[in-house]
Protein chains: 2
Amino acid sequence: MNLRDLRYLLAVAEHGHFGRAAEACGVSQPTLSVQIRKLEGQLGVALFERGGKTVAPTSACERLIGHVRAAVAEADAILAVAGSLRDPLAGRIRLGVIPTLAPYLLPLVFAPLRDALPHLEVEPWEDQTAALLDRLRGHELDAALLATDVDGPDLASQPLFAEPFLAALPPEHPLARKAMVAEAELARDILVLADGHCLRDQALAACGRSEALGGTLRAVSISTLLNMVAAGYGTTLIPALAAGAAEDAGIVLRPLAARVGRTVRIAWRAHFPRRAAIEAVGEVIAARLRGFAQGAAKGAV
Amino acid sequence: MNLRDLRYLLAVAEHGHFGRAAEACGVSQPTLSVQIRKLEGQLGVALFERGGKTVAPTSACERLIGHVRAAVAEADAILAVAGSLRDPLAGRIRLGVIPTLAPYLLPLVFAPLRDALPHLEVEPWEDQTAALLDRLRGHELDAALLATDVDGPDLASQPLFAEPFLAALPPEHPLARKAMVAEAELARDILVLADGHCLRDQALAACGRSEALGGTLRAVSISTLLNMVAAGYGTTLIPALAAGAAEDAGIVLRPLAARVGRTVRIAWRAHFPRRAAIEAVGEVIAARLRGFAQGAAKGAV
DNA sequence: TGCTCTTGATAGTCTGTGCCTATCAGGACG
DNA sequence: CGTCCTGATAGGCACAGACTATCAAGAGCA
């Protein structure tokens, strides 16, 4: 049994006439005669009573035709839905974003994404790098915005923009009097995020330490860190997109002598079939942040 | 797009593995790979993301799969319903019966029909011959029990049993003293049914008249006729199956000298596809009435 | 009654497609 | 680094579905 046969059956039932049904189906009349007869053979029931001039559906046909209509309607629905899904720049993209990026980047790119890709529904998911990669590999996410390289042949990625780090100092800190801070100078009293944040490792590496300061601080967000710095507990190192939040907290920001920073990139499964959507999202974000590396050093976003 | 392809799609989605899905479908793995890929091409969307070891449905696939399941389920329903309709001795037969036969025959054959053809639902419809033939030709009935020959190449029929006529007389009627009545003797004061009843014409023909007695009587049933006879308004001629009703009304019945009668037959459209059901019904009725022609003359049914 | 028109069925043929086996390619794992 | 697993690809075969041409059966009409 075949969907085509079911359409033929519907056509004959509707027209009550093989010739006109064949015309409606765009095939020849013998084709319809043969296929309907074959269908009757497969089903084991007569579907039509062929009289001299009339073709009338049998009661068996009437019992079946509701299901036939339903099957054909579902098949049409499949085609219709597939048609609406055909646009690679439409649909939903589940996008993971690391916590040190999400609160500062997403407000910047939401409107551009909506404008440039109106049919793409970007659904953000905030978590740490390792969790995002797990979800990405587990098909729970389609892409992720990370600040680290990704490895493994199952994933691919593309850099979007460079984000410098800035020294964040309490106003009364001695280093706040300098126009520029050397990374190593922060090592003495730097505060870093909790385990699992890529920014923690990057900040420690930047100032030449391999271990965090002893202590119980387990800051889970840059926001917490900034409050600690503002209260004079120490210094820290923040990504440039968080500059606005830092200044709002009354913190002094200084560029770093070696201009260290991180590269934000978008990652996806190598076999993900809607790569075009990923690349479009990445391009919109990159365009929004273009020239950011230069401007950020001067505090402009 | 093909129902087979949809089943393949469901199998791959369910197993997440082309090889095992192919085994479940009873085809080779390359067949599935090719057909799924072809389906993706037809739909214009990727359905599965093939990773190194994993096959995961895309979001498009998840959007479509409900319709796919529905289409396949409807197709299965078609097969299941067709299977249940396959028995030619099952289903519904709309059976027309003429009014001079229905009230006397149906009570006799209902139980035998139910016993012999338990899956066949015989739905009686009572009307005069011409109306029954119209409905039969118009596919509103599947068969009809008539007492006349049918003509035309579009209809076929088969005799079931012979039903003699009996003279029905008021007890005080002069003819009631005779053991047997010659048909012509009834002509003087015979009462007949209204226009359209085949029995009217047959009764008139039997006693050699071509016109009914003048008058306003338009009896629409044998029952009315019997009441008229019982009241002494005249004589009539009834089919043997109505003998019981006549005797209940206190009417004297006499066999006819020339043994005229009618033949009850079943008629159907020549192209009606469930001829087996018709013939089975006819055979049950004929069997029930077998030997009736002889017995009826003696008043036994 | 016989002619013609309509309509579905049948025959013969061709092409496309679905299936197979054999083999390749890429990634995982010891 | 070789081996296994898994999906993709290639080549060949067979059948199904489509076409054209034609037949057969009824209906309508002269």
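Chain naming here is simple, since letters A, B, ... match the order of the sequence lines and numbering starts at 1 in each.
- Protein chain A contacts DNA chain C from C/dT6 to C/dA28, reading 5' to 3' and using non-hydrogen atoms of the protein with a distance under 4.0 Å.
- Interface residues of residues 2-25 of chain B facing DNA chain D, ordered by number: B/His17, B/Phe18, B/Gly19; criterion, heavy-atom separation under 4.0 Å.
- For residues 144-158 of chain B, the salt bridge (Lys or Arg N to Asp or Glu O under 4.0 Å) pairs, not counting sequence neighbours, are B/Arg137-B/Asp154, B/Asp149-B/Arg265.
- One interatomic measurement links the two molecules: CG of A/Leu39 to P of D/dA18, which rounds to 13 Å at whole-angstrom precision.
- Sorted by first and then second residue, the pairs that involve residues 38-50 of chain B and meet salt bridge (Lys or Arg N to Asp or Glu O under 4.0 Å), not counting sequence neighbours, are A/Arg269-B/Glu49, B/Glu40-B/Arg50.
- Under the salt bridge (charged side-chain N to carboxylate O under 4.0 Å, His left out) criterion, A/Arg275 pairs with A/Glu279, not counting sequence neighbours.
- Projected onto DNA chain D by closest heavy-atom contact, B/Val55 and A/Ser28 fall at different nucleotides, the more 5' of which corresponds to B/Val55.
- B/His197 is linked by a side-chain hydrogen bond (donor to acceptor under 3.5 Å, both in side chains) to B/Gln128, counting only residues two or more places apart in sequence or in another chain.
- Between the P atom of D/dA8 and the CZ atom of B/Phe48 lies a distance of 11 Å, rounded to the nearest Å.
- Side-chain N or O atoms of A/Thr58 include one that pairs as donor or acceptor with a backbone N or O of A/Leu47 at under 3.5 Å.
- Not one side-chain nitrogen or oxygen of B/Arg50 sits closer than 4.0 Å to the OP1 or OP2 atom of D/dT6.
- A donor-acceptor pair under 3.5 Å is formed between the side chain of B/Arg200 and the backbone N or O of B/Leu193.
- Judged as a side-chain hydrogen bond (donor to acceptor under 3.5 Å, both in side chains), and not counting sequence neighbours, B/Glu62 has no contacts.
- Using modelled atom types and a 3.5 Å distance limit, the side chains of B/Ser33 and B/Gln29 yield a donor-acceptor pair.
- DNA chain D is contacted by A/Pro30, A/Thr31, A/Gln35, A/Lys38 of residues 30-38 of chain A, taking any non-hydrogen atom closer than 4.0 Å.
- With sequence neighbours left out, the side chain to side chain contact (heavy atoms under 4.5 Å, CB included) criterion links B/Arg94 to B/Arg92, B/Glu123, B/Leu141, B/Asp142.
- In this view, B/Glu283 and B/Arg290 satisfy the side-chain hydrogen bond (donor to acceptor under 3.5 Å, both in side chains) rule, not counting sequence neighbours.
- Under the salt bridge (Lys or Arg N to Asp or Glu O under 4.0 Å) criterion, the residue pairs touching residues 72-88 of chain B are B/Arg7-B/Asp76, with sequence neighbours excluded.
- In this structure, A/Arg274 and A/Pro88 approach most closely via the heavy-atom pair NE-O, 4.3 Å.
- Using modelled atom types, no side-chain atom of B/His15 and backbone atom of B/His17 make a donor-acceptor pair closer than 3.5 Å.
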Reading 5' to 3' through nucleotides 24-30 of chain D, protein heavy-atom contacts under 4.0 Å coded B for base, S for sugar-phosphate only, - for none: --BS---
